[in-house]
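One structure is given below, encoded as C-alpha coordinates.
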Amino acid sequence: MRIAVNGVDREVADGATVAAVLAGLGLPSAGVAVAVDGAVVPRAAHATAVVAPGAVLEVLTAVQGG
(Lines give C-alpha, C1' and ligand atoms only; values in the text may rest on other atoms or scores of the structure.)
Protein backbone atom coordinates (compact mmCIF):
# COMPACT_ATOMS: atom_id res chain seq x y z
CA MET A 1 0.00 0.00 0.00
CA ARG A 2 1.08 3.60 -0.50
CA ILE A 3 1.62 6.05 2.36
CA ALA A 4 3.49 9.34 2.73
CA VAL A 5 6.31 9.68 5.23
CA ASN A 6 7.60 13.22 5.77
CA GLY A 7 6.17 14.19 2.39
CA VAL A 8 7.71 11.28 0.47
CA ASP A 9 5.48 8.57 -1.03
CA ARG A 10 6.46 5.08 0.12
CA GLU A 11 5.26 1.56 -0.46
CA VAL A 12 4.76 -0.54 2.68
CA ALA A 13 3.14 -3.91 3.38
CA ASP A 14 -0.61 -4.03 3.90
CA GLY A 15 -1.36 -3.91 7.62
CA ALA A 16 2.02 -2.37 8.48
CA THR A 17 2.35 -0.93 11.96
CA VAL A 18 4.10 2.31 12.86
CA ALA A 19 6.98 0.19 14.25
CA ALA A 20 7.29 -1.67 10.93
CA VAL A 21 7.38 1.60 8.98
CA LEU A 22 10.09 2.96 11.29
CA ALA A 23 12.10 -0.27 10.94
CA GLY A 24 11.81 0.01 7.15
CA LEU A 25 13.28 3.49 7.41
CA GLY A 26 16.11 2.20 9.60
CA LEU A 27 14.85 4.11 12.63
CA PRO A 28 14.33 2.80 16.16
CA SER A 29 11.07 3.46 17.98
CA ALA A 30 12.99 5.20 20.77
CA GLY A 31 14.02 8.80 20.17
CA VAL A 32 11.39 9.55 17.53
CA ALA A 33 7.97 11.16 17.60
CA VAL A 34 5.36 9.97 15.11
CA ALA A 35 2.07 11.49 14.00
CA VAL A 36 -0.33 9.64 11.70
CA ASP A 37 -2.79 11.87 9.88
CA GLY A 38 -2.07 14.63 12.42
CA ALA A 39 -2.58 12.50 15.55
CA VAL A 40 0.44 11.72 17.73
CA VAL A 41 1.04 8.00 18.22
CA PRO A 42 2.60 7.29 21.64
CA ARG A 43 5.76 5.15 21.53
CA ALA A 44 3.98 2.44 23.54
CA ALA A 45 1.49 2.09 20.65
CA HIS A 46 4.02 1.93 17.78
CA ALA A 47 3.89 -1.89 17.66
CA THR A 48 0.09 -2.04 17.54
CA ALA A 49 -0.90 1.10 15.59
CA VAL A 50 -1.76 -0.09 12.07
CA VAL A 51 -1.19 2.39 9.25
CA ALA A 52 -4.08 2.74 6.78
CA PRO A 53 -3.59 3.04 3.02
CA GLY A 54 -3.00 6.67 2.05
CA ALA A 55 -1.96 7.66 5.58
CA VAL A 56 0.34 10.62 6.11
CA LEU A 57 3.08 10.06 8.67
CA GLU A 58 5.33 12.71 10.11
CA VAL A 59 8.43 11.34 11.82
CA LEU A 60 10.63 13.60 13.92
CA THR A 61 13.92 12.49 15.42
CA ALA A 62 15.44 13.90 18.59
CA VAL A 63 18.59 15.95 18.03
CA GLN A 64 21.06 17.12 20.61
CA GLY A 65 23.24 20.12 20.20
CA GLY A 66 24.30 23.39 21.55
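Throughout, residue positions are numbered sequentially from 1 according to the sequence presented.
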Of all the heavy-atom pairs spanning A16 and A20, show the shortest one and how long it is.
-> CB-CB, 4.4 Å

Heavy-atom side-chain proximity of L22 to V34 below 4.5 angstrom = yes

State, yes or no, whether a side-chain contact exists between V12 and M1 at a heavy-atom distance under 4.5 Å.
-> yes

Would a 4.5 Å heavy-atom cut-off, applied to side chains only, mark H46 and T17 as touching?
-> no

d(L25 CG, R10 CZ) to nearest 0.5 Å is 5.0 Å

Is there a side-chain contact between V18 and V51 (heavy atoms, below 4.5 Å)?
-> yes

Determine yes or no for a side-chain-to-main-chain donor-acceptor pair under 3.5 angstrom, with D37 supplying the side chain and V56 the backbone.
-> yes

Nearest non-hydrogen partners of V41 and A49, listed with the distance = CG1-CB, 3.9 Å

Heavy-atom closest pair, residues I3 and A52 | CG2-O, 3.7 Å

Is the side chain of N6 donor-acceptor paired with the backbone N or O of V59 at a distance under 3.5 Å, no angle test?
-> yes

